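For reference, positions follow the sequence shown, starting with 1. Note that this is a predicted model, so its numbers are computed, not measured. Start at 1 and go down the list; that is how both ligands and their atoms are numbered.
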Amino acid sequence: MATIFSGIQPTGEVHLGNYMGALRHWVSLSKRPEHEAFFSIVDCHAFTVPYDAKAFPKGVFETAVAVLAVGLDERATVFVQSDVPEHTELAWYLGCVAPMGELGRMTQFKEKSEQHKSSVGTGLFTYPILMAADILLYKATLVPVGHDQLQHLEFARDLARHFNHRFKTELFPEPKPHHLTLRIRGTDGGEKMSKSRNNTIAMLEPPQGIWKKLKGAFTDPQRVTREIPGRPEICNIYTMHTVVTPEPALTETIHAGCTTANIGCGDCKKLLAESLDRELAPVRERAAELRAQPKRVLEVLGDGASTCRARAAQTMAAVKEAAGVRGARSAP
Ligand code: TRP
């Protein structure tokens, strides 16, 4: 039995990069009978950079709508991180065994502290400790993450080992990465689809909106005219075809059509828009239903948080036992 944990930040709308790169895999991993899975909307991680407190709750709700609309809650426990205070509590105890030097080497910290120069809080530095707490609180053994989070996961593994060693316990298993390698580029051809770069296509966008963005999206930059053959391997549109165009024959036709200049990028994008709509129309429908019943969303998240708190309480009791934390009972 493997326990899976992963998290998504509630900042900005869920886009096709999140959907194809992460959510879709989360759903299929959670459906395997040998897995139990926890997925969190990690709001506390989002507090590490400046944010709009007034708009924040809506972002959390919309992220919840998106993850429930893809059906993640069918086989997994879905919850909001701040509803389970043990995450920040465990982060403190882990922080006490976390080497500063290792934290200083985190590339995400270096990048983000450069980006938000004027307001770097300590939370940005200790971000990986909270992430380790998320994982270790459920003794998760398998963590689906993209390339940019592998370093944080390595850190979580080290921290589990440090804690176990320091307190001579085997409390924490070492969490292993389930590396999600598929990366969707931005519509501008940029490395990664990302809200902050304004190059995204929202997962819940209506078809006209999707088409508008697809139409202008980057393909193979060498294919400047219709007559020049394209290179599907480096084309973001083709990458998306391989995810959402289920018929292998059609994907092959597209591949052959592109490399022989028999189909143009416009036609290729039209086919992609159709495949996307086939897959996302039911997701949009479920999202609309959920938005119309916000209570239902809160109920699912509330149930998720109760399940997690029960699990978290057990781990915290064991952590405190191992670390000799007894509160008032420490008094002689
Ligand atoms: N830091 C991750 C990201 O930005 C989100 C995250 C928080 C996470 N806690 C986690 C991912 C625990 C995996 C496991 O993508």
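At a heavy-atom cutoff of 4.0 Å, ligand 1 is contacted by no atom of His152, backbone or side chain. Counting heavy atoms under 4.0 Å from ligand 1, residue Ile135 touches it through the side chain alone. Under 4.0 angstrom from ligand 1, there are no non-hydrogen atoms of Ile8.
Of the protein's heavy atoms, Asp134 OD2, 2.7 Å lies nearest to atom 9 (N) of ligand 1. If you check which protein heavy atom lies closest to atom 4 (O) of ligand 1, you get Tyr127 OH, 3.1 Å. The protein heavy atom nearest to atom 8 (C) of ligand 1 is Gly7 N, 3.7 Å.
Atoms of ligand 1 found under 4.0 Å from any heavy atom of Val42 (numbered from 1 in listed order, with element): 7 (C), 9 (N). Within ligand 1, counting atoms from 1 as listed, the ones closer than 4.0 Å to a heavy atom of Val143 are 13 (C), 14 (C). Near Ser6, the atoms of ligand 1 lying under 4.0 angstrom from a non-hydrogen atom of the residue are 11 (C), 13 (C), 14 (C). Atoms of ligand 1 found under 4.0 Å from any heavy atom of Phe5, numbered from 1 in the order shown, are 12 (C), 14 (C).
Checked by atom type, the side-chain pair Gln314/Tyr138 shows no donor-acceptor distance below 3.5 Å.
When the heavy-atom distances from atom 10 (C) of ligand 1 to Gln108, Gln9, Gln81, Met131 are ranked, the shortest goes to Met131.
Taking the six-membered ring wherever Trp is involved, the centroid distance between the rings of Phe56 and Phe47 falls below 6.0 Å. Proximity of the aromatic rings of Phe109 and Phe125 is defined here by a centroid distance below 6.0 angstrom, and this criterion is met. Phe172 has its ring centre no less than 6.0 Å from the ring centre of His165.
A salt bridge is absent between Arg311 and Glu86: the closest approach of a Lys/Arg side-chain nitrogen to an acidic carboxylate oxygen does not fall below 4.0 angstrom.
In this structure, Glu13 and Lys195 have side chains that are in contact, with non-hydrogen atoms separated by less than 4.5 Å. Between Pro232 and Thr259, the closest side-chain pair of non-hydrogen atoms falls below 4.5 Å.
The number of heavy atoms from other shown groups lying within 6.0 Å of CZ (Arg296) does not exceed 12.
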